[in-house]
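Each remark here refers to the structure printed beneath this line.
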Amino acid sequence: MPIQVFNTLTGKKEEFVPLEAGKVKLYACGPTVYDSSHLGHARMAIVWDVIQRYLRFSGLQVTFVRNITDIDDKIINRSKELKIRPDQLARHYLYEFWADMYALNVAPPDIEPRATEYLQQMILMAEDLVKKGKAYEAEGDVYFDVSGCADYGKLGKKNIEDLKSGAREQVRSQNELKEVKRNPVDFALWKSAPETETGWQSPWGFGRPGWHLECSSMIKSVLGETIDIHGGGEDLVFPHHENEKAQSESLHDKPLAKYWLHNSFVNVSEEKMSKSLGNFRTIADLLRDYSADTVRLFILQTHYRNPIDFSPESMQAAKQALMRLVRAALFAETEENGSGFYPSKHYSFDVKAAEKYKGDKTLSEFHNEFVAAMDNDFNTAVAISHLFGLADKISASKNDAERKLWAKALKDYAGVLGFTLADTRKEVDKNSTEQVLSLLLQLRQDARANKDFKTSDLIRNELAKAGINVMDTAEGPTWEKA
RNA sequence: GGCGGCAUAGCCAAGUGGUAAGGCAAGGGUCUGCAAAACCUUCACCCCCAGUUCAAAUCUGGGUGCCGCCUCCA
């Protein structure tokens, strides 16, 4: 069974056929690093992480590119507020993003281009578009001429006439603001800026690139003129991806991407979680309460194209559910985390590793069900239901060898979805540690009060062995790490 | 206003023509000094109306409710 993917461009599920047999060029739009990442970004990252992991598991040679937008108006505005340079701000949040990704067990992309590294390519692309008559200069700005693009609106299912006239207040105000545009729907490839601000020299003077241009340029530079899959959050469909597509295809006269895939959002109380609404919880904040696996399970239990409503109850449900998988995986009796299909590095799955399970009837059936679910537009919810099915069989089995083999398989297949199934139940936080020590010191005080020095000394000596020094002071007993 | 999507058990959520995956919660049971955990087990005719079909949660039309995009956004 071939892999089926839902293509936003056609609105249908299609058979996935790579441009070049056995290879996949995959590009997903990454974050703009101007603030902390929230659960919505975690979903984007996890969904694309799983897609690229699964494509590799399927035996395809994947080049996964995820970009970083490290220069744009939001970054500049925020940096002005904070009175630091835009590049400092971007670097700060990029580091934070990386830390979040690492904590979430999101595998690093093969290539992670940053917009600021591709200025020359962007300028070149804008120049080429002007030369080809697809874009025009106006007072130091360069605009893409939408009227010269027959397909415009196809991806976002928009009608140019509606966009021009419709009820778009923004279009009107933009129109009044920017008389230089020939058409209100034309979008900027290059925007002039005062030399006192962040910017670059260009054939049209000092300025900055339009947002959409970076992805077009980076895709071209890193992957080529046509790629297999272009993805991102569904809010990027229009205008971001529509405009990328218009630019690239006008210049190259060939498709930018064969398949366009978009993930849905995380809502809070049925309202979109977003930075502008201020209703988000950061990833770091979330990871204080829930493990990376829990967050991942919460996200992957819903199909990537459906919205998820965040609630503490749902997170708690995911946490409970995860414990069943973790418990079953313990029978594998190995410290390795669920990455048996990763022989050494993230970048190459050992597809043949799956072969070792083929001889077992239960695992062979499980494999077929798992693959059928994932082949069907990455239906992680169904794939996970089969993980639970396998977990049940593991718990029910009385045969040690069989149980161990199944548990290893459970870890490996869970690893394809990016789960570690690490047993975190014994990881005690600082607060609990303090309470436990406080209790021990209290018991010791009670023993001393009863002149039971045998017990009190036992507690002190054993704590010393455990790396805790107990000290009796004038204010009472206290402790510190030895 | 235009475009797109969604409505499935107490909650979350798969399922795109053949008679409802999975998870959480809840009830029952095993285990247990008590409790917890763990394990076993029970639990739905799919928003409303009409239609197509031998057969519909799944297709068509209408209605109601909710959400997203059209402006920065994953």
Side-chain angles (χ1 to χ4, degrees), chain A residues 8 11-13 28-32 34-35 37-48 66 69 72-75 77-78 97 153 155-174 185 187 211 231-242 262-267 269-277 280 283 297-311 313-328 330 369 373 376-377 379-392 394-397 425:
Chain A
T8 306
K12 283 185 290 211
K13 254 186 223 173
C29 285
T32 300
Y34 72 103
D35 202 349
S37 298
H38 57 62
L39 187 56
H41 298 97
R43 186 181 193 188
M44 172 276 291
I46 288 170
V47 163
W48 291 96
R66 186 185 59 212
T69 299
D72 90 325
D73 288 353
K74 290 187 297 294
I75 292 173
N77 292 338
R78 191 85 202 283
F97 175 73
L155 184 67
K157 312 261 186 302
K158 304 290 177 200
N159 179 307
I160 297 187
E161 291 311 310
D162 288 345
L163 291 175
K164 276 186 199 167
S165 54
R168 280 180 69 197
E169 293 299 326
Q170 293 77 11
V171 169
R172 272 186 224 125
S173 57
Q174 252 176 26
V185 286
F187 57 89
W211 175 37
E234 65 176 354
D235 56 337
L236 299 181
V237 175
F238 193 92
H240 185 55
H241 288 167
E242 187 77 57
H262 294 95
N263 64 274
S264 187
F265 291 114
V266 176
N267 299 326
S269 306
E270 302 195 335
E271 192 181 45
K272 179 175 162 183
M273 179 182 282
S274 79
K275 291 174 183 174
S276 47
L277 289 171
F280 65 92
I283 293 172
L297 183 62
F298 169 74
I299 284 167
L300 296 180
Q301 272 191 316
T302 300
H303 185 84
Y304 76 90
R305 283 190 286 110
N306 291 136
I308 300 179
D309 202 39
F310 172 84
S311 71
E313 292 74 23
S314 298
M315 287 297 304
Q316 194 56 36
K319 187 176 180 178
Q320 290 301 324
L322 181 72
M323 280 306 124
R324 292 206 16 229
L325 295 180
V326 168
R327 178 156 279 277
L330 287 178
E369 288 174 333
N376 183 14
D377 196 25
N379 195 330
T380 52
V382 172
I384 287 168
S385 77
H386 295 309
L387 292 182
F388 279 102
L390 183 58
D392 284 345
I394 292 167
S395 324
S397 173
R425 294 170 307 162

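Below, chain A is the first sequence line, B the second, and so on; all start at residue 1. In this text the structure is predicted, and so the values were computed from the model without any measurement.
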Atom pair CD/OG of Glu369(A) and Ser385(A) - distance to nearest 0.5 Å
8.0 Å

Can you check whether Lys74(A) has a side-chain N or O nearer than 4.0 Å to OP1 or OP2 of C73(B)?
yes

Looking at the side chain of Val382(A), which of A14(B), A74(B), C3(B) is the nearest nucleotide?
A14(B)

For nucleotides A21(B) and A44(B), find the distance between their P atoms and express it as a whole number of Å.
10 Å

Could you state the CD1-P distance from Ile283(A) to A74(B), rounded to the nearest angstrom?
11 Å

A7(B) to C12(B) separation - P atoms, rounded to the nearest Å:
12 Å

Rounded distance (Å) that lies between atom C1' of A38(B) and atom CD of Gln320(A):
12 Å

Rounded to the Å, how far apart are Leu300(A) CG and A21(B) C1'?
16 Å

With a 3.5 Å limit on both atom pairs, tell me what C59(B) is paired to, counting Watson-Crick and G-U wobble, or say none.
G51(B)

With a cut-off of less than 4.0 Å, is there a side-chain N or O of Ser264(A) near OP1 or OP2 of G5(B)?
no

Just name whichever nucleotide pairs with C31(B), Watson-Crick or G-U, keeping both distances under 3.5 Å, else none.
none

Contact class for Gln316(A) vs. all strands (heavy atom < 4.0 Å): base, sugar-phosphate, or nothing?
nothing

Is a donor on one side and an acceptor on the other found under 3.5 Å between the side chain of Glu234(A) and the backbone of His262(A)?
no

If pairing means Watson-Crick or G-U wobble with both distances under 3.5 Å, then the partner of G1(B) is C70(B)

Using a cut-off of less than 4.0 Å, is there contact between a side-chain N or O of Arg324(A) and OP1 or OP2 of G23(B)?
yes

Parallel under 30°, tilted from 30 to 60°, perpendicular over 60°: which one fits the rings of Phe298(A) and Phe310(A)?
perpendicular

My understanding is that a pair needs two contacts under 3.5 Å, Watson-Crick or G-U wobble. By that rule, which nucleotide pairs with A25(B)?
none

From the list A14(B), G23(B), A21(B), which nucleotide is the closest neighbour of the side chain of Ser385(A)?
A21(B)

Using a 4.0 Å heavy-atom cut-off across all strands, classify Leu297(A) as base, sugar-phosphate, or nothing.
nothing

Atom CG of Asp72(A) and atom C1' of A74(B) are separated, to the nearest Å, by 14 Å

Output the rounded distance in Å from CG (Asn159(A)) to C1' (C69(B)).
15 Å

Please state whether the phosphate of G68(B), meaning OP1 or OP2, lies under 4.0 angstrom from any side-chain nitrogen or oxygen of Asn267(A).
no

With rounding to whole Å, what would you report as the distance between G62(B) and A26(B) at their C1' atoms?
39 Å

Using a cut-off of less than 4.0 Å, is there contact between a side-chain N or O of Arg305(A) and OP1 or OP2 of C6(B)?
no

Mark yes when over 12 heavy atoms from residues, nucleotides or ligands other than Lys157(A) sit less than 6.0 Å from its NZ; otherwise mark no.
yes

Which part of the nucleic acid, if any, lies within reach of His303(A) when heavy atoms closer than 4.0 Å are counted: base, sugar-phosphate only, or nothing?
sugar-phosphate

Reckon Glu313(A) touches a base, only the sugar-phosphate, or nothing at all at heavy-atom distances under 4.0 Å?
nothing

Checking contacts here: which listed nucleotide (U16(B), C70(B), A74(B)) is nearest the side-chain heavy atoms of Lys158(A)?
C70(B)

Considering only the P atoms, how many Å lie between A9(B) and G51(B), rounded to the nearest integer?
25 Å

For A57(B) versus C40(B), give the span between their P atoms, rounded off to a whole number of Å.
32 Å

Could you tell me whether a side-chain N or O of His386(A) sits under 3.5 Å from a main-chain N or O of Ala383(A), the two making a donor and an acceptor?
no

Using Watson-Crick geometry (N1-N3 plus N6-O4 or O6-N4) or G-U wobble (N1-O2, O6-N3), each under 3.5 Å, G65(B) is paired with C6(B)

Closest to the side chain of Asp235(A), out of C73(B), G68(B), G23(B), is C73(B)

Rounded to the nearest angstrom, tell me the gap between atom CE in Met315(A) and atom P in C24(B).
15 Å

If only side-chain N and O atoms count, and only distance matters, is there a donor-acceptor pair under 3.5 Å linking Asp73(A) with Trp211(A)?
no

Using heavy atoms to find the nearest nucleotide of RNA chain B for Phe298(A) and Arg327(A) separately, return the residue whose nucleotide is more 5′.
Phe298(A)

G15(B) phosphate, OP1 or OP2: any side-chain N/O from Asn379(A) under 4.0 angstrom?
yes

Whole-Å distance between G68(B) C1' and Ile308(A) CD1?
15 Å

Could you measure between the two P atoms, the one in U8(B) and the one in U53(B), and give it in whole Å?
29 Å

Distance between C1' atoms of G22(B) and C43(B) (Å, rounded)
15 Å

Taking the C1' atom in each of A55(B) and C3(B), what is the distance between them to the nearest angstrom?
35 Å

With nearest nucleotide decided by heavy atoms, which residue, Glu234(A) or Ser314(A), maps closer to the 5′ end of RNA chain B?
Ser314(A)

Of the options A74(B), A13(B), C69(B), whose atoms approach the side-chain atoms of Phe265(A) most closely?
A74(B)

d(CZ, Phe388(A); C1', C39(B)) in whole Å
15 Å

Please determine, for C45(B), whether a Watson-Crick or G-U wobble partner exists with both distances under 3.5 Å, and give it or none.
none

Asn379(A) side chain to Val382(A) backbone, donor-acceptor under 3.5 Å:
yes

Who does A20(B) pair with, Watson-Crick or G-U, both distances under 3.5 Å?
none

The residue among Ile46(A), Ile283(A), Ile308(A), Ile299(A) that forms side chain to side chain contact (heavy atoms under 4.5 Å, CB included) with Leu39(A) is Ile299(A)

